[in-house]
Amino acid sequence: MATLFGSGIKRREDPRLVTGKATYTDDVKLPGLLYAAILRSTYAHARLKNVNVAKAKKAPGVVAVYTGADLKDKLNTVPCAWNVPNCDLKVPSHPLLATDKVRYAGDGIAMVVAESRAAARDALDLIDVDYDALDAVVDPEKAAQKGAPELHTEVPSNIAFTWKVAGGDAAKAFAEAPVTVEQRIVQNRLLPTALEPRAACASYNTGTGQLTCWVTSQNPHIHRFLLSVMTKLPEHKIRVIAPEVGGGFGSKIPGYADEALVCFASMELGRPVKWTEDRSENYKVTIHGRDHVQYVALCGTKDGKITGLRTRVYAGLGGYASTAAPGIPTILHGLMYSGPYTIPNIDGTVYGVYTTTTPVDAYRGAGRPEATFLLERMIDLFARKIGMDPVEVRRKNLIPKDKFPYTVATGITYDSGNYQGALDKALQMFDYKKFRAEQAKARKAGRYLGVGVTTYCEICGLGPSQVAGAVGMSSASPSRTSRSSRATRRRRPRGGGRTAVEPRRSVAAR
Amino acid sequence: MKRSITLTVNGVARTAEVEPRALLAYVLRDQLDLTGTHIGCDTSQCGACTVHLDGRAVKSCTVLAVQAEGRAITTIEGLSRNGTLHPLQQAFWEKHGLQCGFCTPGMIMTAADLLARNSKPTEGEIRHALEGNLCRCTGYQNIVAAVQAAASAR
Ligand code: FES
Ligand code: FES
């Protein structure tokens with residue numbers, strides 16, 4: 001047997017993946033299968049005056065057409081599953097298909113179900129939508145100002161929540177500090193772009209009342225919970241199957257309206273229904289990441305000791321609060337403001353802001369890279385201002401290895417670590433001294449060489465645990481692989497996560 | 001109006017009733033049940049749909065099914081015959097040339113076309129040949145290594 005760590009293994013998933021025998025969600029085909037297509041808003045913000053589906057209903061191959069009005073008493077709205085505590089989070093209604101208003105270009109307006117993909121897609125062109133265009137606001141900082149166009153009547157100034165984190169006395173630290181640096185940082189919105197578009201295929205058995213849904217999911221248990229909320233079916237009547245998943249990067253964590261819509265169509269029509277987004281739809285509808293405007297100040301002494309950090313962050317949420325959206329710029333972001341450092345005084349404020357854009361949710365690191373960049377950028381600016389090597393500033397402020405467990409100013413306790421040791425090792429592997437000498441030589445010759453230094457520290461492992469409950473995750477999932485030993489002594493790996501990129505089958509076997 | 005087309009797919013004569021506008025990628029997947037050919041975009045960017053048409057790699061999302069009338073198509077399912085993996089399939093497995101695997105059929109079909117024309121490509125030639133195939137997971141390094149390994153195994 002290969003040793004447990006440090007040796008390569010051949011992945012068990014690969015034979016089916018390299019031969020084209022793997023099953024992704026869009027590969028699922030069932031007898032009597034129907035295809036769904038969804039009409040998307042072409043406006044970022046508009047009142048819906050009228051949606052006329054009469055022509056679409058009569059089109060060849062069309063079996064049914066649904067609008068928001070058809071769903072009203074039959075389905076719930078799209079839930080947000082991270083109810084962050086100690087903030088005034090407002091989650092306005094997010095209908096599965098828009099009823100009175102659209103709030104981003106891509107918001108669903110109507111769904112066509114037809115005998116073929118092409119027939120469903122063709123019929124979308126026959127739907128007449130009468131829009132009354134409203135002003136759009138796409139910048140989270142601008143959206144939070146007075147007078148900005150408001151998306152939801154129940155959310156004044158589009159501010160979904162104001163979340164604060166504080167420890168020590170930042171006001172005093174800044175008043176007394178000999179050195180302060182300030183910076184406005186924009187962490188741009190980005191597209192996750194899994195190569196496999198999202199898809200869902202639902203099959204409702206009218207005899208047993210059992211719903212089976214194949215879905216592009218990184219977490220089928222969370223999807224079952226969210227589908228249960230949206231369809232009003234109890235969880236034990238729903239089976240969610242996440243077959244092969246062609247990349248996720250976070251974008252296949254949330255529950256989406258379209259996944260529940262195909263379940264609904266299958267329940268209504270008694271036939272299986274499949275929906276697959278195309279790439280353009282993926283960019284408009286599947287969640288985006290980041291989208292922060294950050295105002296940051298850091299203060300310290302002339303010899304490199306950091307004494308305080310202050311932030312004011314506008315985090316764009318998009319048109320509605322997606323599944324985990326409120327937790328990302330708060331629990332996963334603000335609690336990380338100390339990074340691996342001993343910053344005694346921290347004062348952070350995060351505004352979650354609705355904007356007329358695609359909803360923002362978990363993307364690669366989700367909130368933590370935004371915190372890391374914020375902090376590391378400020379340390380570089382600080383080092384430059386006091387004329388100190390950026391490595392030495394970091395070394396001076398890392399939590400010393402004999403101080404663990406260590407509670408940082410944001411209130412969380414780090415159990416163990418040897419950060420100086422890790423830094424020394426990295427510098428030695430890179431040969432930092434030699435590089436600096438080469439750099440100086442090159443500079444004299446008119447060539448510019450650069451080196452970037454950063455640390456990365458991450459809060460993780462949220463579910464299922466007491467921690468997940470304490471921070472308000474209502475969909476806390478069984479996503480940790482546990483091993484139960486049975487009488488046969490066969491190891492039965494049980495895990496709730498799904499391979500999107502990482503080979504869980506190989507990992508579980510190991 | 002649908003038209004009947006006959007084409008040879010992975011060595012077998014197949015017939016399908018298709019709309020003139022139907023794209024080969026969809027006909028392969030939805031009508032001929034060959035779902036190893038993937039669709040990752042609507043703009044001919046990603047290459048996940050790559051198959052061989054009369055021995056040359058094409059993006060099947062950019063070929064009308066009616067254009068394939070009377071021609072020979074090889075999909076990822078037809079690359080290995082009689083149960084042994086094609087050297088490229090073996091090399092992608094051994095060199096960790098995939099993660100989620102969604103781009104992999106297209107990568108392998110494009111690389112197979114390259115190796116058929118150039119049995120000892122340089123790294124630069126491999127990268128150039130794979131220019132039209134996107135992968136979001138692996139970072140390409142191991143994909144190139146896999147193609148190099150397959151070339152030297154032949
Ligand atoms: S699906 Fe053909 S190039 Fe992307
Ligand atoms: S392995 Fe996931 S896209 Fe290439």
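Below, chains carry the letters A, B, ... as their sequence lines are ordered, and counting in each starts from 1.
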Subject >> Derivation and outcome, side-chain contact (heavy atoms from CB on, under 4.5 Å), residues A/Glu281 and B/Asp42 >> reply: CA-CA 10 Å; A/Glu281 205 173 7; B/Asp42 14 284; over 6 Å; no
Original post:
If every non-hydrogen atom of B/Cys137 is compared with every non-hydrogen atom of A/Phe249, which pair is closest and at what distance?
Top reply: SG-CZ, 3.9 Å
Original post:
Distance from B/Lys95 atom NZ to A/Lys10 atom NZ, nearest 0.5 Å?
Top reply: 11.0 Å
Original post:
Of all heavy-atom pairs between A/Leu195 and B/Leu134, which one has the smallest distance, and what is that distance?
Top reply: CD2-O, 3.3 Å
Original post:
What are the two closest heavy atoms between B/Ile76 and A/Val18, and how far apart are they?
Top reply: CD1-O, 3.4 Å
Original post:
Are A/Lys29 and B/Asp33 close enough, and set up right, to give a side-chain contact (heavy atoms from CB on, under 4.5 Å), and what steps lead you there?
Top reply: CA-CA 9 Å; A/Lys29 218 172 162 188; B/Asp33 292 327; 2.7 Å; yes
**OP:** State whether A/Lys21 and B/Glu77 are salt-bridged, where the test is any N-O pair (Lys NZ or Arg NE/NH1/NH2 against Asp/Glu carboxylate O) under 4.0 Å.
**Re:** no
Original post:
Quick one: what part of B/Leu34 sits under 4.5 Å from any heavy atom of chain A, side chain, backbone, both or neither?
Top reply: neither
**OP:** Over all heavy atoms of both residues, which pair between B/Cys100 and A/Gly247 is shortest? Give the atoms and the distance, please.
**Re:** CB-N, 3.4 Å
Subject >> Close side-chain approach of A/Arg117 and B/Asp30, heavy atoms under 4.5 Å >> reply: yes
**OP:** Dump the intermediate steps for side-chain contact (heavy atoms from CB on, under 4.5 Å) on A/Thr23 and B/Thr35, then the final yes or no.
**Re:** CA-CA 8 Å; A/Thr23 302; B/Thr35 54; over 6 Å; no
**OP:** Flag yes if more than 12 heavy atoms outside B/Glu69 fall under 6.0 Å of its CD atom; otherwise flag no.
**Re:** yes
Original post:
Is it the backbone or the side chain of A/Asp26 that comes under 4.5 Å from a heavy atom of chain B, or both, or neither?
Top reply: both
Original post:
Between B/Gln45 and chain A, which part of the residue has a heavy atom less than 4.5 Å away: side chain, backbone, both or neither?
Top reply: neither
**OP:** Work out which heavy atom in A/Tyr24 is nearest to a heavy atom in B/Phe102; give both atom names and the distance.
**Re:** OH-N, 3.3 Å
**OP:** Rounded to the nearest 0.5 Å, what's the gap from CG on A/Leu17 to CD on B/Gln89? Could you check?
**Re:** 11.5 Å
Original post:
If you draw a 6.0 Å radius around CZ in B/Arg117, do more than 12 non-hydrogen atoms from other residues or ligands fall strictly inside?
Top reply: yes
Original post:
chain A heavy atoms under 4.5 Å from B/Cys41: which part of the residue, side chain, backbone, both or neither?
Top reply: both
Original post:
Between the main-chain N or O of A/Glu196 and the side-chain N or O of B/Arg136, is there a donor-acceptor pair closer than 3.5 Å?
Top reply: no
Subject >> Over all atoms of both residues, closest heavy-atom pair of A/Asp27 and B/Arg29 >> reply: OD1-NH2, 2.7 Å
Subject >> A/Asp122/B/Arg21 ion pair, N-O < 4.0 Å >> reply: yes
Original post:
Which region of B/Leu79, side chain (C-beta onward) or backbone (N, CA, C, O), has a non-hydrogen atom less than 4.5 Å from a non-hydrogen atom of chain A, or is it both or neither?
Top reply: neither
Original post:
Looking at A/Leu33, A/Asn282, A/Asp14, which one has more heavy-atom pairs under 4.5 Å with chain B than the rest?
Top reply: A/Asp14
Subject >> Donor-acceptor pair, side chain of A/Arg279 and main chain of B/Gly40, under 3.5 angstrom >> reply: yes
